[in-house]
Number of protein chains: 2
Amino acid sequence: MTERKREILAASQNVLKEKGYAATSVRDIAKALSMEPASLYSHFKSKEDILKITCFEMADKLEIGIAEVNDIYFNAEEKLRTAINLHVKVLTQNLNSAMIFIRDWRNLTGKSLDQFILKRNAYEAGFREIVQTGINEGIFNETDKKFAALTILSSVNWIVEWYKEDGSLSSEQIATKLSDFILSGLKKDKV
Amino acid sequence: MTERKREILAASQNVLKEKGYAATSVRDIAKALSMEPASLYSHFKSKEDILKITCFEMADKLEIGIAEVNDIYFNAEEKLRTAINLHVKVLTQNLNSAMIFIRDWRNLTGKSLDQFILKRNAYEAGFREIVQTGINEGIFNETDKKFAALTILSSVNWIVEWYKEDGSLSSEQIATKLSDFILSGLKKDKV
DNA sequence: ATATTTGCCTAACGAACGTTAGTTCGTGAG
DNA sequence: CTCACGAACTAACGTTCGTTAGGCAAATAT
């Protein structure tokens, strides 16, 4: 990808995250770049192309993280903490893309949509695997794996709704808090 | 609201939940009702009117629940379990509306949007209050209240993404699992 | 029986949509 | 110096959008 294309992509994402993909027009994007709508088509072949690139780049970044984690030898708690940390890092470091990725992937169509769903399922399976590992090791409660993985991911994904780059919490701090919460829950340990 | 209006509203929501508010046209909605687009305007004054009614009806239902819970004398754990149970019940019993409410409220404009955000904040504050109660009672970990409330709500809201009416889990079972997860976490209690 | 209201229709409006065609202009390569 | 090319432009295409005006028939109220 050329430097200019990357630049335009970033600006597009900055616009798309505001009102969402469907409610944002090509003209909105062009205006933010002080260029003509038609000029965008020198770089992208369609509006959906921008969405597609955004969603798949995010999916790829997350995929790399979870594959890594499940390869290295860690115990389940370490694996989960590492996976959450990587996930939070990817989201916070690409906040615009992350919002589009999480909210707007449904606007993909045809083969792109199918492929995206496959990737998403594979990623979720990675989390289920970590939960299973923990159960096997005897350190996690017997639980509905699918349910647990979905709940974990939902907590983690929701940070795009409230995370502010200038906020007081770093990516690592958020990840630690989330991991603590997910692992230990709200209730005080009985002493 | 007349019976007919309610009927049209329900059909509209059934269409809107599929592709989202912005990507769904008035003509899509009319087609699902086997009527002409213009006829919808005998019942609703605009497309946004449908969104507004949907979002605020959901917000009101949830609001009633949380107010109730914070009034009755319960300990914090009971309060939280009850609040989650009510929330899950409202979501699962109005699944179409719930998806629109959670995903598409951003498409509200002007005063409606402002008012919605106020309601949303008030609702979140209700959850924060429950967390605070638990901390005061000494049964919840000292924690970032705002963070905890957001994490709880995100887990609960995410069920609209995977809940199927014909699935094996009832609303109560889901609420119990969620509450257990949120209160106790994934890790086995040290024995 | 007559008047009013309701619910839907047909037709059409102007605006906004995503996209394409064709062109110009500056830059770097042969 | 010329040529090719990338990146932007102007102009416009056909479509779809949300919405309105006005009418008509059936149901309801007087």
Side-chain angles (χ1 to χ4, degrees), chain A residues 1-56 96 100 103-113 116, chain B residues 1-56 96 100 103-113 116:
Chain A
M1 183 164 339
T2 66
E3 195 180 335
R4 181 60 179 148
K5 183 169 181 179
R6 175 63 61 191
E7 189 181 340
I8 291 178
L9 181 61
S12 302
Q13 291 162 343
N14 196 43
V15 180
L16 287 171
K17 71 133 195 275
E18 292 296 339
K19 301 197 301 175
Y21 174 78
T24 303
S25 71
V26 171
R27 283 167 178 83
D28 291 335
I29 296 172
K31 182 172 274 180
L33 280 151
S34 302
M35 55 166 34
E36 295 302 315
S39 306
L40 289 168
Y41 290 80
S42 299
H43 301 277
F44 300 95
K45 57 189 231 292
S46 68
K47 185 190 174 192
E48 187 173 340
D49 196 26
I50 296 177
L51 177 63
K52 189 161 61 177
I53 292 170
T54 302
C55 288
F56 280 85
N96 294 347
I100 299 162
R103 291 179 188 161
D104 292 330
W105 62 269
R106 272 167 231 277
N107 293 103
L108 291 170
T109 61
K111 217 157 46 169
S112 298
L113 178 58
F116 181 87
Chain B
M1 180 162 341
T2 66
E3 196 180 335
R4 181 61 180 147
K5 183 169 181 178
R6 176 61 63 191
E7 190 181 337
I8 290 177
L9 181 61
S12 302
Q13 290 163 342
N14 196 42
V15 180
L16 287 171
K17 71 135 193 275
E18 293 296 340
K19 302 198 299 175
Y21 174 79
T24 303
S25 72
V26 172
R27 285 167 178 83
D28 291 334
I29 296 172
K31 181 172 275 181
L33 280 152
S34 301
M35 55 166 31
E36 295 302 315
S39 306
L40 288 168
Y41 289 81
S42 298
H43 301 276
F44 300 95
K45 54 190 233 293
S46 67
K47 185 190 175 191
E48 186 172 343
D49 196 26
I50 296 176
L51 177 63
K52 188 161 61 180
I53 292 172
T54 302
C55 288
F56 279 85
N96 294 346
I100 298 163
R103 291 179 189 162
D104 291 330
W105 63 267
R106 272 167 231 276
N107 292 104
L108 291 170
T109 60
K111 216 160 43 170
S112 298
L113 178 59
F116 181 88

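Lettering of chains follows the sequences in order, A, B, ..., and the numbering in each one begins at 1. All of these numbers come straight from a predicted model, not from anything done at the bench.
The side-chain tip of B:Lys47 points at the ring of B:Tyr21 from less than 6.0 angstrom away and within 45° of straight on.
Spacing between atom NZ of B:Lys47 and atom C1' of C:dA16 amounts to 13 Å, rounded to whole angstrom units. The NZ atom of A:Lys31 sits 14 Å away from the C1' atom of C:dC17 (whole-angstrom rounding). A straight line from NZ of A:Lys5 to C1' of D:dA8 spans 16 Å, rounded to a whole angstrom. Spacing between atom CD of A:Glu3 and atom C1' of C:dT27 amounts to 16 Å, rounded to whole angstrom units. In this structure, B:Glu36 places its CD atom 10 Å from P of C:dA11, rounding to the nearest Å. In this structure, B:Met1 places its CE atom 13 Å from P of C:dG7, rounding to the nearest Å. Nucleotide C:dG18 holds its C1' atom 12 Å from the CG atom of A:Asp28, rounded to whole Å. Distance CG (A:Leu40) to P (D:dG6): 18 Å, rounded to an integer number of Å.
Under 4.0 angstrom from either OP1 or OP2 of C:dT6 there lies no side-chain N or O belonging to B:His43. Residue A:Arg4 has a polar side-chain atom (N or O) positioned under 4.0 Å from OP1 or OP2 of D:dA8. Contact between the side-chain N/O atoms of A:Ser39 and the OP1/OP2 oxygens of D:dC9 is found at a separation under 4.0 Å.
Between A:Phe116 and A:Trp105, the ring-plane angle classifies as parallel under the 30° and 60° cut-offs.
In the set D:dA8, D:dC17, C:dT10, D:dC17 carries the atom at the smallest distance from any side-chain atom of B:Arg27.
Note on B:Arg6 versus B:Glu3: no salt bridge recorded, every NZ/NE/NH1/NH2 to OD/OE distance being 4.0 Å or above. Between B:Lys19 and B:Asp28 there is a salt bridge, since a side-chain N of the basic residue sits under 4.0 Å from a carboxylate O of the acidic one.
The side-chain heavy atoms of A:Leu16 and A:Asp104, taken from C-beta on, include no pair separated by under 4.5 Å.
Along DNA chain C, the nucleotide nearest to B:Ile8 and the one nearest to A:Pro37 differ in position, and the one closer to the 5' end is contacted by B:Ile8.
Taking SG of B:Cys55 as the start and CZ of B:Arg103 as the end, the distance is 12.5 Å to the nearest 0.5 Å.
Open room surrounds NZ on B:Lys31; 12 or fewer heavy atoms of other groups in view lie less than 6.0 Å from it.
Non-hydrogen atoms lying under 4.0 Å from DNA chain C are contributed by nothing in residues 11-23 of chain A.
Across all strands shown, B:Thr2 has no heavy atoms under 4.0 Å from either base or sugar-phosphate atoms.
If you check distances only, the side chain of A:Ser42 does reach the base of D:dA8 with a donor-acceptor pair under 3.5 Å.
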